[in-house]
Amino acid sequence: MAGKFVLAFTLVLLAAAYTNARRAHANDYVNSYYSRQKVMESCFGRQYVRDQNTKISAVRNACKAQESREQLDEPKSRTELEIQHTDEQLLEKPYFTQEMVRYLSKRALAKTSNMTCVLRELGHLDNKDELIYDSLIAEINGLADVDAEFKNDLVNSIDGCKAMATCLPLSDIAFPLTPALMRWSTFSKCHAGGVFQACIKKDLRQNAGEFELSGLGNYLSDYSDSAKMYGVIWARTVLDQGSDFLW
C-alpha cells in the first residue's frame with residue numbers, strides 16, 4: 001500500500017511540474033513571437049509584414065482544405081495512453097501501444113504533408129521538393145523602400161544558410177521528416193537568424209551617430225560600418241554576460 005501511495009504521489013507531482021513547464025513555455029513563446037513581430041514591422045514595414053502573414057495564413061488554410069488523408073481519430077481508450085497506478089498494470093502493456101504508435105505516425109505524416117503543401121504553394125519547393133533559392137532572392141530584390149546593404153545582407157544570409165543546409169548528411173540522419181523538409185528546417189532556422197541580424201544592422205545604420213567608430217582603430221578595418229557597429233554591440237553583450245558566455 002505504501003508503494004502505491006508513493007507512486008501515486010509522484011505522478012501527481014510530475015503532472016503539476018509538467019503543467020507549470022507548459023505554462024512557462026507558452027509565455028516564453030508569446031513573448032518571443034510578439035517581440036519578433038515588432039522587430040519585423042520596424043524593419044520591413046507594418047503593411048508588408050501583415051501582407052505576408054495574411055498570405056501565409058491563406059496558403060495554410062488552402063492546404064488544409066486540399067488534404068485527402070484519412071481523418072485522424074484520437075485513440076478510443078484514453079487509459080491505454082496513460083501510466084497506470086499499480087506495478088502490475090505497468091508491466092502488462094508497453095507504454096507506446098500499437099494504437100498509440102499508429103495515431104502518432106498518422107499525425108506525423110499529416111504534419112509533414114501539410115508543410116510540403118505550404119512550401120510548394122509559396123514557391124519555395126519545386127516538384128522534387130528541392131528548395132528554390134532563386135525565388136527567395138527574387139523576393140528580396142523586389143523589396144521596396146529598403147537600402148541596398150540591407151538587401152545584400154539578406155542575400156548573403158540565404159547563400160550562407162544554403163551552404164549549411166546543402167551539406168547535411170541526410171542519408172545518415174534518423175528523423176521523422178523527409179530529407180527535403182529536414183533541409184528546409186535547417187535552412188529556415190539559420191535564415192531567420194540572418195534576417196534578424198540584417199534588421200539589427202539596418203537599425204544601427206539609422207542610429208550611426210551613437211557610435212564613434214574611430215575608437216576601433218584598425219580593428220575590423222575590412223568591414224562595413226554597420227558590421228563594425230554590430231561587432232561593438234556583440235562585444236558589449238558578451239562582456240556583460242561574462243566570459244562563460246563564449247563557451
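Small disclaimer: the values here were computed from a predicted structure and weren't measured. Computed from heavy atoms alone, side chains included, the values below leave out hydrogens, waters and symmetry copies.
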Taking the side chain as every heavy atom from C-beta outward, state whether Lys38 and Arg46 have any atom pair closer than 4.5 Å.
yes

Quick one, Thr166 with Leu131, criterion side chain to side chain contact (heavy atoms under 4.5 Å, CB included). Give me CA distance, side-chain angles, the key distance, then yes/no.
CA-CA 10 Å; Thr166 303; Leu131 288 166; over 6 Å; no

Would you say Leu143 and Leu154 make side-chain contact, with heavy atoms under 4.5 Å?
yes

Same cluster for Leu122 and Leu136 if Ile/Leu/Val/Met/Phe/Trp/Tyr side chains link at under 4.5 Å?
no

Are any of the side-chain heavy atoms of Leu204 and Ser226 separated by less than 4.5 Å?
no

Got Leu125 and Arg120 here, is their nearest side-chain heavy-atom distance under 4.5 Å?
yes

So, do Met40 and Phe196 sit near enough that their side-chain heavy atoms are less than 4.5 Å apart?
yes

With the 4.5 Å side-chain cut-off for hydrophobic clustering, are Val118 and Met115 part of the same group?
no

Report yes if some heavy atom in the side chain of Phe150 is under 4.5 Å from a heavy atom in the side chain of Arg205; otherwise report no.
yes

If you count every heavy atom of other residues, nucleotides or ligands that lies below 6.0 Å from Lys162 atom NZ, does the total exceed 12?
no

What about Val49 and Val59, same hydrophobic cluster or not, with Ile/Leu/Val/Met/Phe/Trp/Tyr joined at side-chain heavy-atom distances under 4.5 Å?
no

Check ion pair Lys202-Asp153 (N to O, under 4.0 angstrom):
no

Any donor-acceptor N/O pair, Asn152 side chain to Ala148 backbone, under 3.5 Å:
no

Check whether more than 12 heavy atoms from other residues, nucleotides or ligands sit under 6.0 Å from atom CD of Gln206, and answer yes or no.
yes

How far does CG of Leu119 sit from CG of Asp126, to the nearest 0.5 angstrom?
11.5 Å

Heavy-atom closest pair (Ala192 atom, Arg36 atom, distance to 0.1 Å) is O-NH2, 2.9 Å

Cluster overlap Ile56 with Tyr33, hydrophobic side-chain contacts below 4.5 Å:
no

Taking atom CD of Gln52 as the centre, report whether more than 12 heavy atoms of other residues, nucleotides or ligands fall under 6.0 Å from it.
yes

Using the rule that two of Ile, Leu, Val, Met, Phe, Trp, Tyr join whenever any of their side-chain heavy atoms come within less than 4.5 Å, decide whether Tyr223 and Val232 are in one cluster.
yes

With the side chain counted from C-beta on, respond yes when Phe211 and Ile233 share a heavy-atom pair under 4.5 Å apart, and no when they do not.
yes

The reported gap from CD1 in Ile140 to NZ in Lys151 (rounded to nearest 0.5 angstrom) is 9.5 Å

Measuring from atom CD1 of Ile132 to atom CD1 of Ile137, what distance do you get when rounded to the nearest 0.5 angstrom?
12.0 Å

Sub-3.5 Å donor-acceptor pair from the side chain of Ser221 to the main-chain atoms of Asn218, do we have one?
yes

Side chain Ser57, main chain Thr54, donor-acceptor under 3.5 Å
no

Can you name the closest pair of heavy atoms from Cys161 and His191 and give their distance?
SG-N, 3.3 Å

Kindly indicate whether the side chain of Asp159, heavy atoms from C-beta on, has any atom under 4.5 Å from the side chain of Tyr133.
no

Carboxylate-amine/guanidinium proximity below 4.0 Å for Glu130 and Arg183:
yes

Side chain to side chain contact (heavy atoms under 4.5 Å, CB included) for Lys55 and Arg50? Distances and angles first, verdict last.
CA-CA 9 Å; Lys55 176 182 176 181; Arg50 290 186 174 182; over 6 Å; no

Go through the steps to decide whether Asp129 and Trp184 satisfy the test side chain to side chain contact (heavy atoms under 4.5 Å, CB included), and finish with yes or no.
CA-CA 10 Å; Asp129 290 342; Trp184 170 259; over 6 Å; no

Spatial distance of atom CG (Asp203) from atom SG (Cys43) [nearest 0.5 Å]:
8.5 Å

From His124 atom NE2 to Thr116 atom OG1, the distance as rounded to the nearest 0.5 Å:
14.0 Å

Atom of Glu121, atom of Cys63 and distance for their closest heavy-atom approach
CG-SG, 4.0 Å

Short side-chain to backbone donor-acceptor contact, Ser135 and Gly123, under 3.5 Å
yes

When you check the side-chain N and O atoms of Ser157 and Gln197, is any donor under 3.5 Å from an acceptor?
no

Got more than 12 heavy atoms from elsewhere within 6.0 Å of CG, Asp145?
no

